Amino acid sequence: MDTTPDYSAYSYQELCDARATLDEALYPERAKQLDELIASHAEHISEESSQVLDKEGTFLRKSPVNFHGSAKEFFSIWIVNLLLSIVTLGIYSAWAKVRTNRYLYGNLEIDGHRFSYLAEPLQILKGRIISAILLVGYILAISTSPIVAVVMALAIAILSPWLICKGMQFGMKMTSYRNVRFGFTGRYGEAFLVFLLFPFLTVFTLYLAMPWALKKMDEFILNNTTYGDKAFSTELSGGTYFVAGLAAGVVSIITFIVGISLIGATAVFAGAKESAEQAGSISVMLGVFILYFLVFTLASAIYSGMIRNHMYAQTRLGNVATFESNVTVGGFLVLKITNMLALVFSLGLALPWVKTRTLSYLAAHTQVNVLDGIDSVVASNEQIGTATAEEVASAFDLDVSLG
Amino acid sequence: MIYTGKLYSAGSTVHQLVELVLDDAYFTLHAIPERTVLGVHTREAIRTNSRVGNLPREVALSNGDMLSIHADDTLHRWLDTKAGGKHNQRGWSLSSLENSAKWAIASVLLAPLMLVGIFKYVIPAMAISFASYVPYSLKDVASRHTLAALDRTILNPTKLDEDVQQRLTQRFESVFNALHLDHPDFNTQFRYTDEMGANAFALPNGTIVFTDQLVALVNNNEEQLSAILLHEIGHVNEQHSMRLIAETIATTVVITYFFGDVSGVFETFMGASNTLINNQFSQKLETEADDFALEHANAAGLTPEDFANALESLASASPEESDINKLLSSHPMLKERIEKARAAQSSE
């Protein structure tokens, strides 16, 4: 009966646990295998420092964030689930969502414990059916009459903060770590200010106040996120957001001007040969399209690279944990551009690879300082939100995320 | 068999390392390292979620505790066997499909094929039956609102001479009458526009609008304008507006739910692919409207050649096409449409 377990999928902490509890006399082979794996892992783990953090909570240890998913395994899961979704005309997509999320969440590990995605497919399916009906009604209504379209757009705008809050609530409640769920306590009033009013008001500052509005959004999300009975708290600096926004803006504008002049010059050159005029206008279109992607990728890499590090450094989870992020703008840029190229040239088939490598990259550049409150987090009973709100929010493109 | 795992207490982050000893109908959990027995759990009393990839299994115990454990095939099979059920010898499960190279390869081949099938056959067929359910009153309201909105924005009153308008309207009436359509109220209108250029379009209630620029482009040629009218009647008669709306909705829903979970970078591509797919739908409807015009040309006292001439007039006013238009345009290529009309003419 001695089949050796497959230790290759174990995390460092799990390996240590397994080694500590193994009856060596009974399973010498396993002990040897475990020792080797632990030794190979240990090289990657930085020494723990024993600093004591002020405020509340004593520093226990520094933990890396590990993502154990592999592109190969995830590809197979994704493509089979995609096929099943297509064959069932979309019904199975609810199961597909749960299984792919379970794979991604379950492979994310901090301090020896993994995350879990807890949503049930039937909840998601119900949400999808309702949101599909709403989407159909919406598109029908807006194609029926421009007046109805305006009314509908207003109605959705007014509803959107509620949808965002309920959707976030559901998403957080379906995420758990160490058998304790996350939660979201954001309410309509503040969400209305943060997601609708502030961004709208920045128009009058010619969008110069946009970084401030984005900061407010991030603060709203973080300060309303909970883990069990503990709440995340953050205080972000407007200055960092302005610098990030400015850097992203300036680089975008320069790239755009250089790109457009290059395209213009090429088009004039091509236009010299008259027969090539038509071919010229199409390559101009293509060129502008590529330039748009480039500028967009560049701006988002610069902005999120700078903001992510700041956000992690400024955020703490009560006496449970503090966070560190050390992504670089260059690293982000290479990641995003290669992702984009891979998607284009694989006609989308590289998606699982893009997902897993992005998670691996982010995990590798994130550390968690575990504090001594970690063992005393108690589950709380906030509201769960609804899968319907989450599905409607994503069908109407109201997904929000940090940074 | 003995396995090690983590036991999480209900409702808190407290956990301990445990050893699971598996028996036929139950397993026993022992604390580590004390080896005291923590509990005996039968199949009936536990709930477990399905296996995904290489993840540890999560087992919900009857007291609310949660066990997370790396399983081997034996434990997987034990957990996947229903309480009181037979031992799941073959170990068939979703996870075995997902882990099978054969299924992955089959999916890579079949998924795109079936997607093409859905977009090419299922959605258009659904759109046709959807369009037949839309009541006339709704189409009428939609058409009036749309025309009113266009009049307020890009359309202006016609600058054509009264007698030209009258002559053309009479000719158009005779085309409507010759076709014996059971449609309630076909009518034609003229508008001046800087934005749309030489163009004609049909609203689903049977209102067909010609721009002054189109009338000028064909030098008031009644035959060419009537041929274009036939094409527009084709759109109305076969409910193309409603079909296109239905196809747009279905495409949006399909793309959102098949690929929506993987949003982010992908979203821009989804927008682009949505446009490409809708262009294909639109081109197919244009071809159908062309076919309608060619089929009914004789009944309306015209020839396919009139339609070919009308298209040639349009071609003379538009930039030359290249193959990329097949992807980026909502209309089929003019030169192909002209060739088709000429072929219809010569087969008469």
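Keep in mind that what you see is a predicted model, and the values were worked out from it rather than measured. All chains are named by letter (A, B, ...) in the order of the sequence lines, taking the proteins before the strands, and each is independently numbered beginning at 1.
Using modelled atom types, one side-chain atom of A:S380 and one backbone atom of A:G228 make a donor-acceptor pair closer than 3.5 Å. Listed for the B:W103 side chain is no donor-acceptor partner under 3.5 Å among the backbone atoms of A:S76.
For A:L84, the part lying under 4.5 angstrom from a heavy atom of chain B is the side chain only. Heavy atoms of A:S131 lying under 4.5 Å from chain B belong to its backbone as well as its side chain. Residue A:I77 touches chain B through both its backbone and its side chain, counting heavy-atom pairs closer than 4.5 Å. When heavy atoms are compared at a cutoff of 4.5 Å, B:A10 approaches chain A solely by way of its backbone atoms N, CA, C and O. Contact of B:R51 with chain A is made through the backbone alone, with heavy-atom distances under 4.5 Å. Proximity to chain B is limited to the side chain of A:L349, based on heavy atoms less than 4.5 angstrom apart. For B:S50, the parts sitting under 4.5 Å from any heavy atom of chain A are the backbone and the side chain alike. In this structure, the portion of A:V180 lying under 4.5 Å from any heavy atom of chain B is its side chain and not its backbone.
Taking the six-membered ring where the residue is Trp, A:Y177 and A:H113 present perpendicular rings, their angle passing 60° and hence far from 30°. The aromatic rings of A:F75 and A:W78 sit tilted, their planes meeting at an angle between 30° and 60°. Using bins of under 30°, 30° to 60° and over 60° for the plane-to-plane angle, the ring pair B:H235/B:H240 lands in the perpendicular bin.
Taking A:R102 as the reference, nothing meets the salt bridge (Lys or Arg N to Asp or Glu O under 4.0 Å) condition, with sequence neighbours excluded. With sequence neighbours excluded, no residue satisfies salt bridge (Lys or Arg N to Asp or Glu O under 4.0 Å) with A:D229.
Contact count versus chain A (heavy atoms, under 4.5 Å) is highest, among B:L138, B:I32, B:I249, for B:I249. No other option in B:A149, B:P56, B:S241 has as many heavy-atom pairs under 4.5 Å with chain A as B:P56. Note on B:N54, B:V14, B:T4, B:T252: by heavy-atom pairs under 4.5 Å with chain A, the leading option is B:N54. Of all the listed residues (B:L110, B:V134, B:V122), the one sharing the greatest number of non-hydrogen pairs under 4.5 Å with chain A is B:L110.
When all heavy atoms are compared, the tightest approach of B:N49 to B:R57 is O-NH2, 3.0 Å.
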